[in-house]
There are 2 protein chains.
Amino acid sequence: MRIGQLAQIAGIDTQTIRFYEKQGLLPLPDRQQNGYRIYNEKHGERLAFIRHCRILDLSLTEIRELQRYQDDPHQPCTAVNAMLDEHISHVQSQITALQTLEKHLVSLRACCNDDREIEACGVLAGISEGNMYSQ
Amino acid sequence: MRIGQLAQIAGIDTQTIRFYEKQGLLPLPDRQQNGYRIYNEKHGERLAFIRHCRILDLSLTEIRELQRYQDDPHQPCTAVNAMLDEHISHVQSQITALQTLEKHLVSLRACCNDDREIEACGVLAGISEGNMYSQ
DNA sequence: TTAAAACTATATAGTCACTATAAGGTCAAT
DNA sequence: ATTGACCTTATAGTGACTATATAGTTTTAA
């Protein structure tokens with residue numbers, strides 16, 4: 001199949017497929033005489049794998065690493081699990097940071113109502129003074 | 001004061017100060033005869049404001065907007081509060097998305113232990129099959 | 001006094017994972 | 001013959017910096 005069909009099946013843009021190819025995430029496809037790329041089901045599976053990884057917010061570098069593991073099927077999978085553990089930690093710190101941020105924003109928002117002039121705006125004053133950490 | 005001193009006081013890089021200037025977030029400073037930028041306390045305050053906004057994860061565009069409001073001190077501050085409300089919503093959706101992601105990652109991780117071969121790795125299998133949504 | 005270190009200036013490229021645009025070649029149908 | 005849908009490559013843009021290159025200036029030490 002050609003790139004358009006693969007893109008439709010995978011639900012992504014043709015540009016993105018070429019981009020993944022350039023990034024070394026997709027094996028180089030054969031070409032027709034006119035230069036068009038020709039894909040098979042293996043490419044579709046690879047692409048699905050990449051997309052699943054991206055949904056899990058794994059980086060392209062991490063995906064490349066996972067693919068290297070897959071090419072060496074008799075190694076122990078310790079490193080894969082470790083990568084996932086680390087990624088989970090990463091996501092958890094992001095959540096914690098955002099929750100802290102949310103608290104700050106909410107308490108900052110509580111410093112003002114809508115009926116003031118800019119000059120007297122509690123939010124702007126709070127930002128200026130940098131007291132957005134008042135628990 | 002020169003850019004290095006301002007950077008030290010503000011706790012940011014000189015490059016970032018020049019970058020903010022180019023982005024229209026800092027007023028153009030006077031120059032010495034040799035071309036060096038000369039800053040005053042107003043610049044320091046502006047820079048602090050920007051940094052506080054960035055800590056709150058407001059975008060440079062939002063910061064520019066807030067600065068425009070500050071230049072019009074007798075307007076009502078409704079728009080400022082609205083911006084903050086929307087930003088809080090934005091942060092909350094990020095948190096929700098990450099929490100969902102975390103659940104998927106944790107359940108995926110539960111599909112494997114460390115003592116398998118890559119071939120039998122539950123994590124890799126889970127990603128390939130795309131079943132990372134099995135709550 | 002001179003040389004090195006520390007500072008300043010501009011311009012440009014890199015980060016990440018795409019996305020958009022430009023300029024052109026190929027193919028099937030009308 | 002031409003339209004339209006597809007394909008090709010190359011290049012630039014996104015956001016908020018960060019890094020590098022190259023050069024000029026000032027300060028400090030020998």
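Numbers restart at 1 for each chain; the letters A, B, ... are given by sequence-line order, proteins then strands.
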A:L66 side chain reached by A:F49 side chain, heavy atoms, under 4.5 Å: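 Yes. Closest side-chain heavy atoms under 4.5 Å.
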
Looking at [Y], is its backbone amide N or carbonyl O close enough to the side chain of [X] to form a donor-acceptor pair, meaning the two atoms are under 3.5 Å apart?
{"X": "B:H87", "Y": "B:L56", "value": "yes"}
{"X": "A:R46", "Y": "A:Q67", "value": "no"}
{"X": "A:R64", "Y": "A:Q23", "value": "yes"}
{"X": "B:N40", "Y": "B:H43", "value": "yes"}
{"X": "B:H52", "Y": "B:A48", "value": "yes"}
{"X": "A:E102", "Y": "B:V91", "value": "no"}

Check this one for me: any side-chain N or O of [X] less than 4.0 Å away from OP1 or OP2 of [N]?
{"X": "B:R51", "N": "D:dC17", "answer": "yes"}
{"X": "B:R37", "N": "D:dT25", "answer": "no"}
{"X": "A:R2", "N": "D:dC6", "answer": "no"}

Should B:I38 and B:I9 be regarded as members of a common hydrophobic cluster, given that ILVMFWY residues are connected when their side-chain heavy atoms come within less than 4.5 Å of each other, either directly or indirectly?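 No: no chain of side-chain contacts under 4.5 Å links B:I38 to B:I9.
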
Same hydrophobic cluster for A:L26 and A:Y36, using side-chain heavy-atom links shorter than 4.5 Å among ILVMFWY? no

Quick one: [X] [atom1] to [N] [atom2], roughly how many Å, whole number?
{"X": "A:L47", "N": "C:dC18", "atom1": "CG", "atom2": "C1'", "value": "14 Å"}
{"X": "A:I3", "N": "D:dA5", "atom1": "CD1", "atom2": "P", "value": "19 Å"}
{"X": "B:I50", "N": "D:dC17", "atom1": "CD1", "atom2": "C1'", "value": "13 Å"}
{"X": "A:I38", "N": "D:dC6", "atom1": "CD1", "atom2": "C1'", "value": "12 Å"}
{"X": "A:L58", "N": "C:dC18", "atom1": "CG", "atom2": "P", "value": "12 Å"}
{"X": "A:Y36", "N": "D:dC6", "atom1": "OH", "atom2": "P", "value": "11 Å"}

So does B:D13 pair up with B:R51, basic N to acidic O under 4.0 Å? no

So how far off straight is the helix from C:dT1-D:dA30 to C:dT30-D:dA1, going by the axes through five pairs at either end, to 10°?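 The angle, to the nearest 10 degrees, is 30°.
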
Between residues 84-102 of chain B and DNA chain C, which residues have a heavy-atom gap below 4.0 Å?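 Residues of residues 84-102 of chain B under 4.0 Å from DNA chain C: none.
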
Check each residue of residues 8-34 of chain B for a non-hydrogen atom within less than 4.0 Å of any atom in DNA chain C, then write out the ones that pass by number, or none.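 Under 4.0 Å from DNA chain C: B:R18, B:R31.
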
Can you give me the closest heavy-atom contact between A:R54 and A:I63, atom names plus distance? CD-CD1, 3.7 Å

